[in-house]
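Every chain is numbered from 1, with letters handed out A, B, ... down the list of sequences.
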Number of protein chains: 4
Amino acid sequence: MVTNSELKKQPPKASSLKEKQREERTALILQAAYDVLVEKGYYEASMDEIAARVGISKGTLYLHFKSKEDLIFMLIEQETGKFLSLIDQIMTAESSVHDRLEHILLESYRSIQDGRQFLVALRAIGLNQGAIRDRIEEQVSIIGLMERLTRLFEEGKTRGEFDTAIPTTIMVSIFMRLMELYSNEQPEMNDLSPENLLKSVSQLFFHGLLKKS
Amino acid sequence: MVTNSELKKQPPKASSLKEKQREERTALILQAAYDVLVEKGYYEASMDEIAARVGISKGTLYLHFKSKEDLIFMLIEQETGKFLSLIDQIMTAESSVHDRLEHILLESYRSIQDGRQFLVALRAIGLNQGAIRDRIEEQVSIIGLMERLTRLFEEGKTRGEFDTAIPTTIMVSIFMRLMELYSNEQPEMNDLSPENLLKSVSQLFFHGLLKKS
Amino acid sequence: MVTNSELKKQPPKASSLKEKQREERTALILQAAYDVLVEKGYYEASMDEIAARVGISKGTLYLHFKSKEDLIFMLIEQETGKFLSLIDQIMTAESSVHDRLEHILLESYRSIQDGRQFLVALRAIGLNQGAIRDRIEEQVSIIGLMERLTRLFEEGKTRGEFDTAIPTTIMVSIFMRLMELYSNEQPEMNDLSPENLLKSVSQLFFHGLLKKS
Amino acid sequence: MVTNSELKKQPPKASSLKEKQREERTALILQAAYDVLVEKGYYEASMDEIAARVGISKGTLYLHFKSKEDLIFMLIEQETGKFLSLIDQIMTAESSVHDRLEHILLESYRSIQDGRQFLVALRAIGLNQGAIRDRIEEQVSIIGLMERLTRLFEEGKTRGEFDTAIPTTIMVSIFMRLMELYSNEQPEMNDLSPENLLKSVSQLFFHGLLKKS
DNA sequence: CATGAATGAGGCTTCATTCAT
DNA sequence: GATGAATGAAGCCTCATTCAT
């Protein structure tokens, strides 16, 4: 036990302690950045405000991130990664494509509601343009999402679930818009629970708007 | 009398000429601003670049618009106004709500394709956040669009065309997302003609994704 | 007479006709410039506003004056010249220095009231500083005024009218401040007529503030 | 106890140190601004030059003052406040009004000589006109000065010290001009010491210019 | 001559980033 | 490591001046 406790004090563990603290702080920064970003958008989100919200100095931000752009990219990457893993899990389920898509929608709404969602919120944050856009497309797996969805819809067509007359591209595009429906921009929509929203959206998306005669 | 009428044209012509030139210049600026805006978004669109693209000096912009914000708002207002008029025309048609909604979608895609569309592109331009958002909501009739659509969908329900189980709010939200599908952000979508895009979107929106058994 | 009338049409006279018109317009501009200057001060007086107030275009101003600075200098010079002539007349009068100084004060107040006064109003217009100041001192005879006043006060001392214990410089300085008392800045002072103001100022200046026992 | 008291000084010292430096810097800026202002006047005083004169960058100015206007107003307010306090002290003295007025004049000259004077120098700085003027009148106690002086002169009349035939307004106006006599604009006047200037001015103001027979 | 649209230099201000303490 | 004062590039805007019509 003495050895053990001595070992704990050793550099590797000492650094892993520091590292843990560091990572915690990084997480705090990312959360604050997320909040400001959603409230103000990329261009009106200032490093000052992010730092102030975490309760640290501006300079400290730069000990964690090389630049504002970098901070944002890390943020996006992290959330994107988590979300894509989730999607991957859902995609490999045994259920129908229909069910899996509903599941994806639901998780989208939930993640937005929890304030941990980016892949789907880029447009809402003003990152879909200008110089930023290119770096986003390069470094962030929005493409990954599109690929996965494309695969899924194709599978649906192959299985005979979906109307083959509609191009997959269009299905994917519309589906992605549906994913971001529960955005932070339309407060009136946020009164619904993710589950209730899903019900209607799903009904509309799969069965159409028209009354069945 | 011919002579007389020709003479009468003189004075107005004089002022007309200058005014026409002025309006043409204004239109050129608005077009350039539109282009830059769509490419770079509001915050990265600099007055310098707009001026350069028109081929005039920065100062000249301020002979036509009293500030950057003003330029943007005029741009939005102008296009918005035209588009809302169009919607109003379509809305008063005799046809089914279904047909009228298709018509609206089609006009949306056309106007986006022509580069004269804003009501529907605000999100794509980064005006849906921060300080700007409030002024937009005050001054631009995005609300007007929502009201009109709400009315239309309610009429659809009353007429028995649409599924009354789906809340109108959700119908409207989704429809608005469909309107902006043909955005300038997704080049792959723009290979389709507005008419072809409409066909698939409409099929999906009204009849659903699922294969009819 | 015919000859005379023909002569009038001749170039020299023709030009003197044009010249008359030109001078009239120049006078109009100077008057407008004076008004704006007194209202807004030199730096907030814009060429635009001066032109607008005369009812001509901005470009036309430059047909009469080479620059804004020039316009101002001409204005000052003109009014200065007139005023200095007046002073010279007064100075050569036979009366006591006391009387002549009162006369000068009275004419100062009158000229300010009429809106034709500069020599005395430079400070009130913001021309007593910066780059402008040097040119003013070079080109405008504010020095001329000081010289004249100095001469007058010295004469007063020689004649035994004034207290020789007070340095002439100080007399002159104070007297110049008294001349600009009736400025456009203190509306409460302008309720008094020039004559009434003079009475009090003169009493104070010559006899002092104290109650005679 | 000594130790304790020394320890107590620690934490405050830490913040005191930075704060002191900050205040020193602020004071340096205000002094530079004062100098530029007196030399160039408000409109030709550029933030660039003020910064350059302090030896800091333009951006740093904005860490201390949020705008050019603010910088100027702070400058004026600070000096104004000090000066008005001084006046208040003098006003409550037991001596004759005559003596107190002399004292005020003397302090005016001294403060101008030291380069810490504004209440009295507004005209000399070009702040007596245009848009600025209103903010000055609102925020700066030039009115406060006039009120105090008015009170003082009325007291002088009541006490039987002053000539009641001269309106108080005029007394105040003239007195204020005398206060600014020792301005930075007339170098020839500055060769006199404040005390010597006072002697002559006072003699003239109270006893008049005329030689006593 | 008269016009007024166009110019461009110059001023104010913001904010991401750096660096001495 | 942490701080926050300092920097300076870059953006918006004004206005005296010019020039084609």
> What integer distance in Å separates Lys66(C):NZ from dA16(F):P?
Replying inline: 15 Å
> To the nearest 0.5 Å, what is the distance between OH (Tyr43(D)) and CG (Leu37(D))?
Replying inline: 11.0 Å
> Among all residues two or more places apart in sequence or in another chain, which pass the side-chain contact (heavy atoms from CB on, under 4.5 Å) test with Ser57(D)?
Replying inline: Thr60(D)
> Glu44(A) CD to dG11(F) P: how many Å, rounded?
Replying inline: 17 Å
> Rounded to the nearest 0.5 Å, how far apart are CD1 of Ile132(D) and OH of Tyr42(D)?
Replying inline: 3.5 Å
> Is Asp70(C) paired with Arg135(C) through a side-chain N to carboxylate O contact shorter than 4.0 Å?
Replying inline: yes
> How would you label the contact of Ser46(D) with the nucleic acid (heavy atoms, under 4.0 Å): base, sugar-phosphate, or nothing?
Replying inline: sugar-phosphate
> What is the distance, rounded to the nearest whole Å, between atom OH of Tyr62(C) and atom P of dA16(F)?
Replying inline: 6 Å
>> Less than 4.5 Å apart, side chain to side chain, heavy atoms only: is that true for Leu71(B) and Ile50(B)?
In response: yes
> Can a salt bridge be assigned to the pair Glu138(B) and Arg133(B) using a cut-off of 4.0 Å between side-chain N and carboxylate O?
Replying inline: no
>> For chain B and DNA chain E, what are the first and last nucleotides along the strand, 5' to 3', with at least one atom under 4.0 angstrom from a heavy atom of the protein chain?
In response: dA5(E) to dG10(E)
> NA contact type, Ala51(C), heavy-atom cut-off 4.0 Å: base, sugar-phosphate, or nothing?
Replying inline: nothing
> With nearest nucleotides of DNA chain E determined for Ser67(A) and Arg25(B) from heavy-atom distances, which residue corresponds to the more 5′ nucleotide?
Replying inline: Arg25(B)
>> From CZ of Phe65(B) over to P of dC12(F), roughly how many Å is that when rounded to an integer?
In response: 15 Å
>> At 4.0 Å (heavy atoms only), tell me whether His64(C) reaches a base, stays on the sugar-phosphate, or touches nothing.
In response: nothing
> Relative to Phe73(C), does Lys68(C) satisfy both conditions: NZ or CZ under 6.0 angstrom from the six-membered ring centre, and within 45 degrees of the ring's axis?
Replying inline: no
>> If a pair means Watson-Crick or G-U wobble with both distances below 3.5 Å, what does DNA chain E look like in dot-bracket form, with | marking bases paired to a different strand?
In response: .||||||||||||||||||||
>> Nearest whole Å is fine: how far is dT3(F) P from Leu63(A) CG?
In response: 9 Å
> Leu61(B) near the nucleic acid: base, sugar-phosphate alone, or nothing, with a heavy-atom cut-off under 4.0 Å?
Replying inline: nothing
> Which nucleotide, dA16(F), dG1(F), dC12(F), lies nearest any side-chain atom of Lys68(B)?
Replying inline: dC12(F)
> Is the shortest heavy-atom distance from the side chain of Arg25(C) to the side chain of Ile56(C) under 4.5 Å?
Replying inline: yes
>> Measuring to OP1 and OP2 of dA2(F), would you say a side-chain N or O of Thr60(A) lies under 4.0 angstrom away?
In response: no
>> If you assign Ser57(C) and Lys58(D) each to the DNA chain E nucleotide with the nearest heavy atom, which residue ends up on the more 5' nucleotide?
In response: Ser57(C)
> Under 4.0 angstrom, heavy atoms only, what part of the nucleic acid is Arg22(D) near: base, sugar-phosphate, or nothing?
Replying inline: nothing
> Tyr42(C) or Gly59(D): which one's nearest nucleotide on DNA chain F is closer to the 5' end?
Replying inline: Gly59(D)
> With side chains defined as the heavy atoms from C-beta onward, is the minimum distance between Leu30(D) and Phe65(D) less than 4.5 Å?
Replying inline: yes
> Is there a side-chain contact between Glu44(A) and Glu49(A), using heavy atoms and a 4.5 Å cut-off?
Replying inline: no
